[in-house]
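Whatever order the structure lists ligands and atoms in, that order sets their numbers, starting from 1.
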Amino acid sequence: MTEDSTTPLDLDTDLLRGFEFRCRPDCGLCCYAAPRVERDERERLLQILPELEFGGEGTDRFLPARPDGGACELLADQRCRVHGARPHPCREFPITVHVGERLQATVVLSCPGIDLAALDRPSSGSLSASLAEELGSVRERIGPGTARRIADARRRRRRIERRLTQDGRWEEERDVRRRLARSLPRPSDVDFPVEDPPSVEDGLDRLPLWYDRRASPIAFASGLGGWDLLELAPTGGVRRSWGVVPPPERLPRLRPGAARRLERYLAYWLARDALFGAVLPEMAAADDDAPVSAWVERELRTIGATVLARADVRARWSRGTVDALTEDDIYDGIRATDQDLLDRPGWGDRL
Ligand code: SF4
Ligand code: SF4
């Protein structure tokens, strides 16, 4: 689907193509969140749990997560207590929609129920029936309110575009994509060490999480001498500390095939509107004369380096010494990174 052939309320689903999804009943990773709740969803939930209290005010309401990095209050023994009435972010996960110049759906690749092999077959294949329910929920919510949000997002983007044009730094997204897709940027030694994750003092709810086949997720936290690996408790706080692993100082070695996997992930990011959504406001706020393509190139290298650093820490944590990262390590790095990067604010909105 091209931008020219769409109306604003068409949903671009190209980035869902080829992905197969099967939720893992032992996971619960996406429940370490405070999902937004619409008015009709609140009413349904109150019919089941009359005592339920919501956070926020007005139309902006959410189900509170337990304090100190805990899971949503409705998660019990790895199961949702209101599965049939769960709110839309839960019904739609692992799909997320960027509201910007258009509505673009993408898959949250941190979800262990997603088969990452589709990254090797970009935009090929059909929409999988395994994502039909999630996609159906997304489509149901697209309406007049969405049109207003697109208009607001466009106004924010236009302001940034005007500012960057005045400075001689503006380049259209499609031109930047075309140029960088011909030769995807790769992380190198200059991109290391990567930025540390937040520390425990910043709040456990801010730490990047991943699923490790345990009853609750593992988090990276910046610690003394490296990154702390912390197993979080669903009720809040740290269930167990698994020690500290120093992140790589320079580019880790990669086994054959691993570099290709990383490249496919960066190609996926280049196609995401959320990439430009995050980069453009940073550019506009920076005292710099680099054009959009230079910023996007740098951003892709940073994303790649972050994946490699997280893959390397995970590999050394589970295997001790690591000579070179494997293809599976790259998938582990992607899963420990993707949600974190998608959560960054930008000029766009989230459906
Ligand atoms: S993160 Fe994915 S696999 Fe895990 S519970 Fe959520 S949807 Fe299921
Ligand atoms: S409502 Fe249910 S599915 Fe949604 S975050 Fe809470 S426990 Fe998880």
(message) Using a 4.0 Å cutoff against the non-hydrogen atoms of Pro87, which atoms of ligand 2 qualify?
(response)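 In order of number, 1 (S).
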
(message) Could you tell me, atom by atom, which parts of ligand 2 come under 4.0 Å of a heavy atom of Leu63?
(response)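 Once the distances to Leu63 are compared, the set is 1 (S).
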
(message) Quick check on Asp189: does its CG atom have over 12 non-hydrogen neighbours (other residues, nucleotides or ligands) under 6.0 Å away?
(response)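 Yes, CG of Asp189 has more than 12 neighbouring heavy atoms, counting only those of other groups under 6.0 Å.
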
Lys NZ or Arg CZ of [X] over [Y] ring: under 6.0 Å, within 45°:
{"X": "Arg298", "Y": "Trp295", "result": "yes"}
{"X": "Arg214", "Y": "Trp242", "result": "yes"}
{"X": "Arg261", "Y": "Tyr331", "result": "yes"}

(message) If you take the centroid of each ring, where Trp contributes its six-membered ring, are Phe19 and Tyr268 closer together than 6.0 Å?
(response)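 Judged by ring-centre distance (under 6.0 Å), Tyr268 and Phe19 do meet the cut-off.
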
(message) Before we go on, tell me: are the rings of Trp347 and Phe276 under 6.0 Å apart, centre to centre?
(response)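 Between Trp347 and Phe276, the centre distance exceeds or equals 6.0 Å.
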
(message) Students should find this: residues with any non-hydrogen atom under 4.0 Å from ligand 1. What is the answer?
(response)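 Its neighbours under 4.0 Å (heavy atoms only) are Phe21, Cys23, Arg24, Cys27, Gly28, Leu29, Cys30, Phe93, Cys111, Pro112, Gly113, given by chain and number.
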
(request) Look at Asp340 together with Arg310 and state whether they make a salt bridge at an N to O cut-off of under 4.0 Å. (result)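 Yes, Asp340 and Arg310 are salt-bridged.
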
